Participant: 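Once you've had a glance at the structure underneath, I'll fire off some questions.
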Amino acid sequence: MTLAEQLAAPPLEVAPRLLGALLRHGEVVVRLSEVEAYAGSTDPGSHAYGGPTRRNATMFGPAGRLYCYLSHGIHICANITVGEEHGPGAVLLRAGEVVAGLDVARSRRPRSTDRDLARGPGRLGQALGLSLGHDGTDLATGAIRLELPATPVPASAIRTGPRTGLRRASDRPWRYWIDADPTVSAYRRHHRAEGPEAG
DNA sequence: TAAAAGATCGACT
DNA sequence: GTCGATCTTTTAA
């Protein structure tokens with residue numbers, strides 16, 4: 001079974017399976033502890049909402065690719081494309097733990113403690129040394145590799161909740177993280193969310 | 001420890 | 001021209 005076949009399922013199914021997976025770039029390896037699912041064209045929070053554009057073209061390609069984009073001009077955020085029939089589904093890699101290549105990761109983020117090296121989407125991309133040039137990388141054969149865990153994280157250890165930092169559709173409980181994992185980032189609303197918390 | 005504001009480039013309309 | 005799936009620094013308690 002190829003990596004693309006393992007990822008050929010709706011984002012909501014694939015996202016929890018990505019927990020505990022290893023993402024390797026050179027010497028640096030990150031074990032994913034927090035992800036968010038983006039359903040694509042039907043998800044107002046997704047870049048793919050409203051159809052393909054230049055930036056999100058990778059999301060409309062085959063599954064098992066790395067979708068990189070620049071956020072706020074300074075941070076690289078990484079996604080893994082998933083879904084069947086080239087659907088625009090993707091899973092945002094929110095946080096993880098650096099399990100190898102610590103020296104390299106530390107040199108990239110000298111201000112961070114070991115725990116914070118990949119705690120957050122921008123940090124994770126930075127610790128791995130990602131750039132916009134990695135957009136579209138094949139995670140099975142490219143410079144960046146993804147290894148799914150041999151034994152999935154048990155459902156009892158997986159928690160779900162609202163996605164972080166979105167203005168729209170922020171109430172969908174499509175965030176997955178490993179319970180009690182110290183590298184999981186704390187939930188924060190969008191800094192410019194509209195109005196007070198509804199409800 | 002918790003909360004608030006600044007930074008900064010590409011994509012979209 | 002405006003916004004963004006954020007991170008870092010600063011200030012207050």
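Atom set for the values below is all heavy atoms of this structure, side chains included, hydrogens, waters and symmetry mates excluded. Below, read A as the first sequence line, B as the second, and so on, with proteins coming before strands; counting in each chain starts at 1. On a predicted model such as this, the values are computed, not experimentally measured, just so you know.
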Participant: Write down the distance between CD1 (A:I74) and P (C:dA5), rounded to a whole number of angstrom.
Facilitator: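 It works out to 14 Å between those atoms.
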Participant: Just wondering, do A:Y38 and C:dA5 stack (centres under 5.5 Å, planes under 30°)?
Facilitator: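 A:Y38 ring centre within cut-off of C:dA5 base, planes near parallel; stacks.
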Participant: To the side chain of A:L70, which of B:dA7, B:dC9, C:dT9 is closest?
Facilitator: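 Nearest listed nucleotide: B:dC9.
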Participant: Any link between A:L148 and A:L124 through a network of hydrophobic side chains (Ile, Leu, Val, Met, Phe, Trp, Tyr) touching at under 4.5 Å?
Facilitator: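 Yes.
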Participant: Could you tell me which residues satisfy side chain to side chain contact (heavy atoms under 4.5 Å, CB included) with A:T151, sequence neighbours excluded, listed by chain and number?
Facilitator: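 Testing A:T151 for side chain to side chain contact (heavy atoms under 4.5 Å, CB included), a comparison that skips the adjacent residues, returns none.
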Participant: Using whole Å, report how far CZ of A:R54 lies from P of B:dT13.
Facilitator: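 Roughly 12 Å, once rounded to whole Å.
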Participant: Rounded to the Å, how far apart are A:R115 CZ and C:dC7 C1'?
Facilitator: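 Taking CZ of A:R115 and C1' of C:dC7, I get 15 Å after rounding.
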Participant: Quick check on contacts: within residues 126-139 of chain A, what sits under 4.0 Å from DNA chain C by heavy-atom distance?
Facilitator: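 Residues of residues 126-139 of chain A that come under 4.0 Å of DNA chain C do not exist, since none gets that close.
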Participant: With the criterion set at under 5.5 Å between ring centres and under 30 degrees between planes, would C:dT6 be stacked on A:H72?
Facilitator: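 One would call A:H72 stacked on the C:dT6 base.
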Participant: Could you give all pairs that pass the side chain to side chain donor-acceptor pair (under 3.5 Å) test and reach residues 15-32 of chain A, with sequence neighbours left out?
Facilitator: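 For residues 15-32 of chain A, and leaving out neighbouring residues, the side chain to side chain donor-acceptor pair (under 3.5 Å) pairs sorted by first residue read A:R31-A:E97, A:R31-A:D181.
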Participant: If only side-chain N and O atoms of A:H47 are considered, is one of them under 4.0 Å from the OP1 or OP2 phosphate oxygen of B:dA11?
Facilitator: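 For A:H47, the contact criterion (side-chain N or O under 4.0 Å from OP1 or OP2 of B:dA11) is not met.
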Participant: What's the closest nucleotide to the side chain of A:T53 if the choices are B:dA7, C:dA5, B:dC12?
Facilitator: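 Nearest to the side-chain atoms of A:T53, counting from C-beta on, is B:dC12.
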Participant: Rounding to an integer number of Å, can you tell me how far A:E36 CD sits from C:dT6 C1'?
Facilitator: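 After rounding, the gap between these two atoms is 12 Å.
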Participant: Are there runs of at least three consecutive Watson-Crick or G-U pairs touching DNA chain B, with each pair's two distances under 3.5 angstrom? Give them by first number.
Facilitator: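 Detected stem regions: B:1-7 with C:6-12, B:9-12 with C:1-4.
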Participant: Filter on side chain to side chain donor-acceptor pair (under 3.5 Å), then keep only pairs touching residues 73-82 of chain A, sequence neighbours left out; what's left?
Facilitator: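 Checked against side chain to side chain donor-acceptor pair (under 3.5 Å) - neighbours excluded - no pair reaches residues 73-82 of chain A.
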Participant: Considering only B:dT8, C:dC7, B:dA11, which nucleotide approaches the side chain of A:H75 most closely?
Facilitator: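 It is C:dC7.
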Participant: Provide, to the nearest angstrom, the distance between the CD1 atom belonging to A:I76 and the P atom belonging to B:dA11.
Facilitator: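 Answer to the nearest Å: 11 Å.
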Participant: Please report the distance, rounded to the nearest Å, between CZ in A:R55 and C1' in B:dA11.
Facilitator: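 After rounding, the reported distance stands at 5 Å.
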Participant: Suppose clustering is done on Ile, Leu, Val, Met, Phe, Trp and Tyr with side-chain heavy atoms closer than 4.5 Å. Which residues sit in the same group as A:V99?
Facilitator: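 Grouped by the 4.5 Å side-chain rule, A:L22, A:V29 form the rest of the cluster around A:V99.
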